[in-house]
A.B. asks: 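Got a structure for you, questions after.
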Amino acid sequence: MSTRIPFLKGHGTENDFVIVPDPENTLDLPPAAVAALCDRRAGIGGDGLLHVVRSAAHPEATHMAGEAEWFMDYRNGDGSIAEMCGNGVRVFARYLQRAGHVTEGDLAVATRGGVKNVHIAKGGDVTVGMGRALLPEGDVTVSVGDRSWPARNVNMGNPHAVAFVDDLAHAGDLYTPPPFSPAAAYPSGVNVEFVVDRGPRHVAMRVHERGAGETRSCGTGACAVAVATARRDGADPVATGAPATYIVDVPGGTLVITERSDGEIEMTGPAEIVAEGEIDADWLENAVG
């Protein structure tokens, strides 16, 4: 390992990430190392880490190398592995653009949730094709303190429980995962979204993300919220042939989510790179212990 490891810091609607470019997959990033880097006091700080690897160089992505040159090896802030991160894909694409690997226009990004199609607008936002939502059957309940709500089970390549509430303050501090039932609905844990209405096809949300606690934004969560809200409103684009677009306010900004008539979901929002530097490899080794 070199004594200095390049990194960047970026965010999408204030969902922030440590970005570690490693095209040939030469770095060892065990969970403890990721958690140390994402620590907001002793490390760089972030909701998660974007490990930038060529698909052909990563054993989990070689089967996607023919479709997407780059693999987003995404890790949660606690070091655990996640299937997908919608805001992360936008920031990942912005990094690839900054590094000169891609230009404005269309590209494909490999993730554990499959290959995602991305469009980088000229001088503007990034749109990510998030795939289709799965709506597993069965009742789900989430709780905070003595309050409980029915929740919609939505899977966007990762699991979500979407609960409509009267006041976002009812979600509590979201430091710890809100309890849910039945346990069998989410054997690997769940991202929980609390949602209030702001106007016609306009909602606001707070989210507890698995492995990260409350975050300022969650791209897959915003998609799950838009789908759950559309179904609550009686809108199913596949059935009606009419796309449904929702504005979703998150604490860190605003995302625009469109569910097309073919069931595919597109998320549009900003992506920013704010800094770059070097990680001291000796510090990282000591931090891991």
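Predicted model, so just to flag it, every value in this text is computed and none were measured.
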A.B. asks: Rounded to the nearest 0.5 Å, what's the gap from CG on Leu134 to CE on Met156? Could you check?
C.D. replies: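 Separation between the atoms: 8.5 Å.
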
A.B. asks: Same cluster or not: are Met84 and Val227 linked, directly or through other Ile, Leu, Val, Met, Phe, Trp or Tyr residues, by side-chain heavy atoms under 4.5 angstrom apart?
C.D. replies: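 In one cluster with Met84: Val227, yes.
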
A.B. asks: CE of Met72 to CZ of Phe17: how many Å apart, nearest 0.5 Å?
C.D. replies: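 The CZ atom of Phe17 is 7.5 Å from CE of Met72, to the nearest 0.5 Å.
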
A.B. asks: Does a donor on one side chain and an acceptor on the other come within less than 3.5 Å for Asp249 and His202?
C.D. replies: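 The criterion, which ignores hydrogens and geometry beyond distance, is satisfied for His202 and Asp249.
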
A.B. asks: Would you say Val154 and Val250 are hydrophobically clustered, going by side-chain heavy atoms of ILVMFWY under 4.5 Å?
C.D. replies: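 In one cluster with Val154: Val250, yes.
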
A.B. asks: Decide if atom CG of Asp167 counts as having more than 12 heavy atoms of other residues, nucleotides or ligands within a radius under 6.0 Å.
C.D. replies: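 Buried by this count: over 12 neighbours within 6.0 Å.
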
A.B. asks: For the atom pair CZ (Arg201) and CD1 (Ile257), what is the distance rounded to the nearest 0.5 Å?
C.D. replies: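 Nearest 0.5 Å value for the CZ-CD1 distance: 13.5 Å.
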
A.B. asks: Does any donor atom in the side chain of Thr26 or Asp22 lie under 3.5 Å from an acceptor atom in the other side chain?
C.D. replies: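 A pair is found: one side chain offers a donor N or O, the other an acceptor, under 3.5 Å apart.
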
A.B. asks: Treating Ile, Leu, Val, Met, Phe, Trp and Tyr as nodes and any side-chain heavy-atom pair under 4.5 angstrom as an edge, say whether Val225 and Phe194 lie in one connected cluster.
C.D. replies: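 Result: no, two separate clusters.
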
A.B. asks: Once you round to the nearest 0.5 Å, how far does NZ of Lys9 lie from CG of Leu37?
C.D. replies: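 Here the rounded value is 11.0 Å.
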
A.B. asks: So which atom in Ala161 and which in Val142 form the shortest heavy-atom distance, rounded to 0.1 Å?
C.D. replies: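 Residues Ala161 and Val142, closest heavy atoms: CB-CG1, 3.9 Å.
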
A.B. asks: State yes or no: do Val102 and Ile273 share one hydrophobic cluster built from I, L, V, M, F, W and Y residues joined by side-chain heavy-atom distances below 4.5 Å, directly or via other members?
C.D. replies: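 Yes, it is one cluster - the side chains of Val102 and Ile273 are joined through contacts under 4.5 Å.
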
A.B. asks: Report the C-alpha separation of Tyr246 and Asp233 in whole Å, then their side-chain angles, then the decisive distance to 0.1 Å, and conclude whether the side-chain hydrogen bond (donor to acceptor under 3.5 Å, both in side chains) test is met.
C.D. replies: CA-CA 11 Å; Tyr246 281 81; Asp233 294 346; 2.7 Å; yes

A.B. asks: Would you kindly confirm whether Leu168 and Val203 end up in one hydrophobic cluster when ILVMFWY residues are joined by side chain heavy atoms under 4.5 Å apart?
C.D. replies: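 Result: no, two separate clusters.
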
A.B. asks: So which atom in Arg206 and which in Ala171 form the shortest heavy-atom distance, rounded to 0.1 Å?
C.D. replies: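 That would be NH1-CB, 3.7 Å.
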
A.B. asks: Please determine, by modelled atom types, if Asn158 and His160 share a side-chain donor-acceptor pair under 3.5 angstrom.
C.D. replies: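 A donor-acceptor contact under 3.5 Å links the two side chains.
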
A.B. asks: Just verifying a value: how many Å separate Thr13 OG1 and Leu255 CG, rounded to the nearest 0.5 Å?
C.D. replies: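 Thr13 atom OG1 to Leu255 atom CG measures 4.5 Å (nearest 0.5 Å).
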
A.B. asks: Could you give the distance from CD (Glu266) to CG (Asn117), rounded to the nearest 0.5 Å?
C.D. replies: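 Separation between the atoms: 9.5 Å.
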
A.B. asks: Among Tyr74, Trp70, Phe71, which residue satisfies the ring pair (Phe, Tyr, Trp, His ring centres under 6.0 Å) criterion with His58?
C.D. replies: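 For His58, the ring pair (Phe, Tyr, Trp, His ring centres under 6.0 Å) check succeeds only for Phe71.
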
